[in-house]
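Have a look at the structure below, then the notes.
In what follows, every chain begins at residue 1, and chains take the letters A, B, ... in the order their sequences are listed.
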Number of protein chains: 2
Amino acid sequence: MSKPIHRLGDLQLRILKVLWAQPAATVAQVQQGVGSESDLAYTTVATMLRKMEVRGLVSHREEGRSFLYSAVVGAEEVGRGFGTHLVERLFEGSLTETVSHLLTTREVSRDELDELDRLIQRAKRRIR
Amino acid sequence: MSKPIHRLGDLQLRILKVLWAQPAATVAQVQQGVGSESDLAYTTVATMLRKMEVRGLVSHREEGRSFLYSAVVGAEEVGRGFGTHLVERLFEGSLTETVSHLLTTREVSRDELDELDRLIQRAKRRIR
DNA sequence: ACCTGAACACTACCACGGTAGTAGTACCCA
DNA sequence: TGGGTACTACTACCGTGGTAGTGTTCAGGT
């Protein structure tokens, strides 16, 4: 169990999401996947990937002249890091307070509420 | 409505929490409140407070020879920033996915589930 | 009147996220 | 074989969080 991943940059998160969606991707592919909203230079993405590899977030393997990058950390770990950080730091570990906060500061549709309801019931059943 | 507060440092968060707990606090008091886990130099806290004031997170007023710092941003705003960031970036805006994640990666007690249940029901009633 | 201690001010330094330019390299195509 | 092209490597720069030392000021006690 490595130390929790807390504090990931925005770009890093976006990159990881691209890599989670496919087993491996070239720099160009990552750039594509990431650059929908903001166009980034090819070298920017490449540099970020290299930095992330040093940090152990991704890894690469050579494929011809290109590098194929893959995510090393899973969405689980990153999510856990982020989520725990949110819950712990901001709401003193109170899950309900956190969710309450999420509920009240966002637009919530009835469908989402129904889905949440189902979620809770399922969790309840699982616990006993 | 100022721009959302996204990305606050750990220390900054801890400082804010101290300031939210009381209307105003001197540097020494903040240092006390913050330093339970890790002892920080007085000057470190003071510097951080000054930086945070520049950024508009806190403000100070003079009281004798001491500064009394107060939080400018509320827990609401910070929470919104953080929460939105979590939901948007990591879970593509899916609230249910986020909550699901929080549920599955943490120990959840029966009481918490009941409380969450109540929360959802209340929100449902509010919406229709 | 002097010394001490508390308080802020200024400065410095490191790490890292983010961004990108430039340089080197190797492949492929005409 | 020469030239464009695609790719990585290296370097640089800025902002900011985090940490703290040094400098300065000023009030209070003796």
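If you measure from atom CD of B/Glu63 to atom C1' of D/dA27, you get 15 Å, rounded to the nearest angstrom. The CD-P distance, from B/Gln32 to C/dA7, rounds to 11 Å in whole Å. Atom CG in A/Leu40 sits roughly 15 Å away from atom C1' in C/dG21 (whole-Å rounding). In this structure, the CG atom of A/Leu13 is 9 Å from the P atom of C/dG18, given to the nearest Å. Between B/Arg50 atom CZ and D/dA20 atom C1' the separation is 12 Å, expressed in whole Å. Taking atom CD1 of A/Ile15 as the reference point, atom C1' of C/dT19 lies 12 Å away to the nearest angstrom. Rounding to whole angstrom units, CG of residue A/Asp39 and C1' of C/dG18 are separated by 16 Å. For the pair A/Glu62 CD and C/dT25 P, the interatomic distance rounds to 15 Å; values are reported in whole Å.
At a cut-off of 3.5 angstrom, the base of C/dA7 holds no donor-acceptor pair with the side chain of B/Thr26. Between the side chain of B/Thr47 and the base of D/dA20, at least one donor-acceptor pair of N or O atoms lies under 3.5 Å.
Between B/Thr43 and D/dA20, a side-chain N or O to OP1/OP2 separation shorter than 4.0 Å is absent. Considering only side-chain N and O atoms, B/Arg65 lies nowhere under 4.0 angstrom from the phosphate OP1 or OP2 of C/dA6.
By the side chain to side chain contact (heavy atoms under 4.5 Å, CB included) test, A/Glu53 is found to be paired with A/Val58, A/Ser59, A/His60, A/Tyr69, residues two or more places apart in sequence or in another chain being considered.
Residue-environment remark: CD (B/Gln32) stays at or below the threshold of 12 foreign heavy atoms within 6.0 Å.
The shortest side-chain heavy-atom distance between A/Thr105 and B/Thr84 does not fall under the 4.5 Å cut-off. Between A/Gln121 and A/Asp117 there is a side-chain heavy-atom pair separated by less than 4.5 Å. By the 4.5 Å heavy-atom criterion applied to side chains, A/Thr98 and B/Val99 are not counted as neighbours.
By the 4.0 Å N-to-carboxylate-O rule, B/Arg80 lies too far from B/Glu77 to be salt-bridged with it.
If you check every strand for non-hydrogen atoms under 4.0 Å, B/Ser66 touches sugar and phosphate atoms only.
Distance check: B/Leu119 CG to B/Asp114 CG gives 12.0 Å after rounding to the nearest 0.5 Å.
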Short N/O separations, protein against nucleotides 13-17 of chain D, under 3.5 angstrom:
{"from": "D/dG17", "atom 1": "OP1", "to": "B/Arg55", "atom 2": "NH1", "distance (Å)": "2.6"}
{"from": "D/dG17", "atom 1": "OP2", "to": "B/Gln12", "atom 2": "NE2", "distance (Å)": "3.3"}
{"from": "D/dG17", "atom 1": "O5'", "to": "B/Gln12", "atom 2": "NE2", "distance (Å)": "2.7"}

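Nearest-nucleotide positions on DNA chain C place B/Tyr42 closer to the 5' end than the other of A/Ala41 and B/Tyr42.
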